[in-house]
2 protein chains.
Amino acid sequence: MLSKACEYGIKAMIYLAGTSQEGQRVSLNLVAQHIESPEAFTSKILQKLAKAKVVKSVKGAKGGFELNGSTSKEIFLWDIVVAIDGTAIRDDCFLGLNYCSRSNPCPVHDKYEKIRDDIMSFLMKTSVHDLSLTVQEGKSFLS
Amino acid sequence: MLSKACEYGIKAMIYLAGTSQEGQRVSLNLVAQHIESPEAFTSKILQKLAKAKVVKSVKGAKGGFELNGSTSKEIFLWDIVVAIDGTAIRDDCFLGLNYCSRSNPCPVHDKYEKIRDDIMSFLMKTSVHDLSLTVQEGKSFLS
DNA sequence: TTTAAATTGGACAAATGTGTCCGATTTAAA
DNA sequence: TTTAAATCGGACACATTTGTCCAATTTAAA
């Protein structure tokens, strides 16, 4: 479904939304430790998210990654997925047809459309903020 | 979602269900042409499906792949997915947690469970035979 | 029995995804 | 101004997936 990079990216953002709330910055090292991801690889992913302006990064001493509470309410899983995996999950045919459409449908076009719509609604309506709350409450986990 | 190999495998099976109806065998070459897949790669995939007894293969002249109509009614997308991609799509956590469960859930555990159930129901209830009918009627396409 | 048609299996090649290393750069603080 | 802490960026390494090639094997038919 999602690439490893995207999984790490989402977990990192959820962690940041929970810890960086008062404008505090969190280091790559801390992020990787808490989500149990390879640090150097996580670095690349956070760089990508920073370029896509999904998270703010600050270089130098006392630097790190920053995501204030109000911003995290406006960031949805879809934003992260697009920044890392692109829009293939929304655009690509379930059977890989190059041109799959209403007028040239693959055999599962209609049946899969409902599932795709559910996935998209899930990704576009679920905010990083909401997910971080359940982690902070100890009701869900990032590792 | 699915690997390329799995996409080819499903398309190949749908094509076979439509052409090999009267116990006729279809050559790898024909299959690959109709589903527009790389022939040698498709060979590997059909070999895997043959070993998993999802399709019958016959070597030698007048050989090929065979899938009679009654059998195709009992083969569901899930059978093909399991033979090629395994059960990860059913078993793996959306965020990649090694142990994601009701008692140690990831932040999207509940929300994604519904989607996963829909996907599984789609895969387990959709037969190769049903899909091949829409192709034969010219209502859907494999390329 | 020979030949042609077909799958099989193994080795290889290319592309992509995952992951590492390290020097360059930036910034805060001593 | 120097130093330490941090991200950035590029090159590299490894693993998996995708794809190719070809000799070996099997089978039907001439």
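Proteins come first, then strands; the chains are lettered A, B, ... in the order of their sequence lines, and each starts at number 1.
- The NZ atom of B/Lys48 sits 18 Å away from the C1' atom of C/dT7 (whole-angstrom rounding).
- Taking the side chain to side chain contact (heavy atoms under 4.5 Å, CB included) definition, one finds that B/Ser57 meets it with B/Ala50, B/Phe65, sequence neighbours left out.
- A salt bridge links A/Lys4 with A/Glu7: at least one charged nitrogen is closer than 4.0 Å to a carboxylate oxygen.
- Note that NE2 of A/His34 is 10.0 Å distant from CD of A/Glu36, once rounded to the nearest 0.5 Å.
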Nucleic acid footprint by protein, nucleotides 9-16 of chain D - heavy-atom cut-off 4.0 Å, B for base, S for sugar-phosphate alone:
BBB-----
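- Distances shown here put every side-chain N or O of B/Tyr8 at or beyond 4.0 Å from the OP1 or OP2 atom of D/dT18.
- Taking atom CZ on B/Phe65 and atom C1' on C/dT7, their separation rounds to 6 Å, with Å as the unit.
- If you measure from atom CG of B/Leu16 to atom P of C/dT7, you get 11 Å, rounded to the nearest angstrom.
- Nearer to the 5' terminus of DNA chain C, by closest-nucleotide assignment, is the contact made by B/Lys62 (compared with the other of A/Ala61 and B/Lys62).
- Rounded to whole Å, the distance from CD1 on B/Ile45 to C1' on D/dT18 is 9 Å.
- Atom pair A/Glu7:CD and C/dG19:C1' shows a separation of 15 Å (rounding to whole Å applied).
- For the residue pair A/Asn104/A/Ser101, the side-chain donor-acceptor check at 3.5 Å is not satisfied.
- Going from atom NZ of A/Lys56 over to atom P of C/dT27 covers 11 Å, rounded to whole Å.
- The separation between A/Ile35 atom CD1 and C/dG19 atom C1' is 14 Å, rounded to whole Å.
- Look at CZ on B/Arg25: it is 13 Å from C1' on C/dA5, rounded to the nearest Å.
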When the side chains of residues 37-44 of chain B are checked against the rest of the protein, which donor-acceptor pairs come out under 3.5 Å, sequence neighbours left out?
unit_1	atom_1	unit_2	atom_2	d
B/Ser37	OG	B/Thr42	OG1	2.6
B/Glu39	OE1	B/Asn29	ND2	3.2
B/Thr42	OG1	B/Pro38	O	2.7
B/Ser43	OG	B/Gln47	NE2	3.3

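- OP1 or OP2 of D/dA5 has not a single side-chain nitrogen or oxygen of A/Ser27 nearer than 4.0 Å.
- The B/Lys59 side chain lies nearest to D/dT26 when the options are D/dT7, D/dT26, C/dT27.
- A 3.5 Å limit on both hydrogen-bonding distances identifies D/dT16 as the Watson-Crick or G-U partner of C/dA15.
- The residue from A/Ile75, A/Ile10, A/Leu16, A/Val54 that alone fulfils the side chain to side chain contact (heavy atoms under 4.5 Å, CB included) condition with A/Leu49 is A/Val54.
- Taking for each of A/Pro38 and A/Gly60 the nucleotide of DNA chain C with the nearest heavy atom, the 5'-most of the two is the partner of A/Pro38.
- Less than 6.0 angstrom separates the ring centroid of A/Phe122 from the ring centroid of B/Phe94.
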